[in-house]
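For reference, the structure discussed in these notes is given below.
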Amino acid sequence: QRIRSQNIVPCTVSQLLAAEQVDETFRIRDVEISQVTIMGIIRHAEKAPTNILYKVDDMTAAPMDVRQWVDTDEAGGENVVVPPGTYVKVAGHLRSFQNKKSLVAFKIMPLENMNEFTTHILEIVNAHMILRKNLMSASRVPQSFSSAGISDAGGYGGGGSLPVNGLTAHQSQVLNLIKNCPVPEGMSLQELKLQLHNMSMSTIKQAVEFLSSEGHIYSTVDDDHYKSTDAE
Amino acid sequence: IHPTGKLFVLSDGEGKHTTVELSEPLDEEISGVLEVVGRVTNQATIMCMSYVQFREDKSPFDLELYNEAIKIIHEFPEYFPFG
């Protein structure tokens, strides 16, 4: 299942340089990309009659070539060169020519609020994580776990219950129990232990810590109670 | 900023301080939020190669939030590679 990229994906220059190209498409770790945004500082600007060539540096790799075509009919606004030393947000298409990657920008905007930079780096992690997750879990794990059914089975519950979302059997069991818990303050560790007789408390705690750091669950009233982030 | 202009102290989003050394003394007044690119020395200072001052004319920069974001991206090198 490919995600056809209709999206504009925030990236680091290092990700763009590492992207693999198959025919006309680029992929960053299986996620298809075409239109991207990067944010960095202009190190160099060169004006030519039909285009401006910038070198944009986001510190993750060497500065990237960004070409902005100049509309020769329009005077004024469009043709102002952004000076080196300015932080900018670039939106454009990824291109590769003779194995050298560059961007063709359709928008270059100097940053007015540097907090956008913080947002951008968080969005990069978020976007790539979500796009990748969508690719990996091509089919949702059926929510057919009842609390009685899990406790006897030990590892995998049989048949169609293989976790496809990168979690181990233990982590999936813990997650599903937490997901199906209707109580507002969530599932407590004690409850989990009662439901999962075959798992030791330390295994449960490890699973909970992992799920929490991956963002599948969050703690509620205290560190012993958890709810799932996927509202069912 | 040290009187010689070759040293200044920065504090980060968590209030921790670090000393930045310059090869040439400062030729301008600086204040506010700076981004310093440099190498870490064995005395745990930073040898500055370049610096840029963040614009804060329109809105103040949230340094603590930035600090948190940096910690997060280091936890996910697969989504934020450093070439």
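If you're wondering where the values come from, they're calculated on a predicted model, not measured in any experiment. So that the names make sense, note that chain A is the first sequence line, chain B the second, and so on, each numbered from 1.
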At a 4.5 Å cut-off on heavy atoms, which part of A:I28 comes close to chain B: side chain, backbone, both, or neither? neither
In terms of heavy-atom proximity below 4.5 Å to chain B, should A:L17 be classed as side chain, backbone, both, or neither? neither
Inspect the surroundings of [atom1] in [X] and state if more than 12 heavy atoms from other residues, nucleotides or ligands are less than 6.0 Å away.
X      : atom1 : result
A:E185 : CD    : yes
B:E24  : CD    : no
A:K101 : NZ    : yes
B:E56  : CD    : yes
A:Q21  : CD    : yes

Residue [X] versus chain A: region with a heavy atom under 4.5 Å:
X     : value
B:E35 : side chain
B:I72 : side chain
B:V33 : neither
B:Y66 : both

Closest non-hydrogen atom pair between B:V52 and A:I41, with its separation: CG2-CD1, 3.7 Å
For B:A69 and A:T118, the nearest pair of non-hydrogen atoms, with its separation, is CB-CG2, 3.7 Å
Of A:L122, A:V13, A:D58, the largest count of non-hydrogen pairs under 4.5 angstrom with chain B goes to A:L122
Would you mind telling me which of A:M59, A:M114, A:H128 has the largest number of heavy-atom pairs within less than 4.5 Å of chain B? A:M114
Closer than 3.5 angstrom, by distance alone: can the side chain of A:N113 be matched with the main-chain N or O of B:S59 as a donor-acceptor pair? no
One should read off an interatomic distance between A:L111 CG and B:F54 CZ, to the nearest 0.5 angstrom, of 9.0 Å
Examine A:F117 together with B:F61 and report whether their ring centres are nearer than 6.0 Å. no
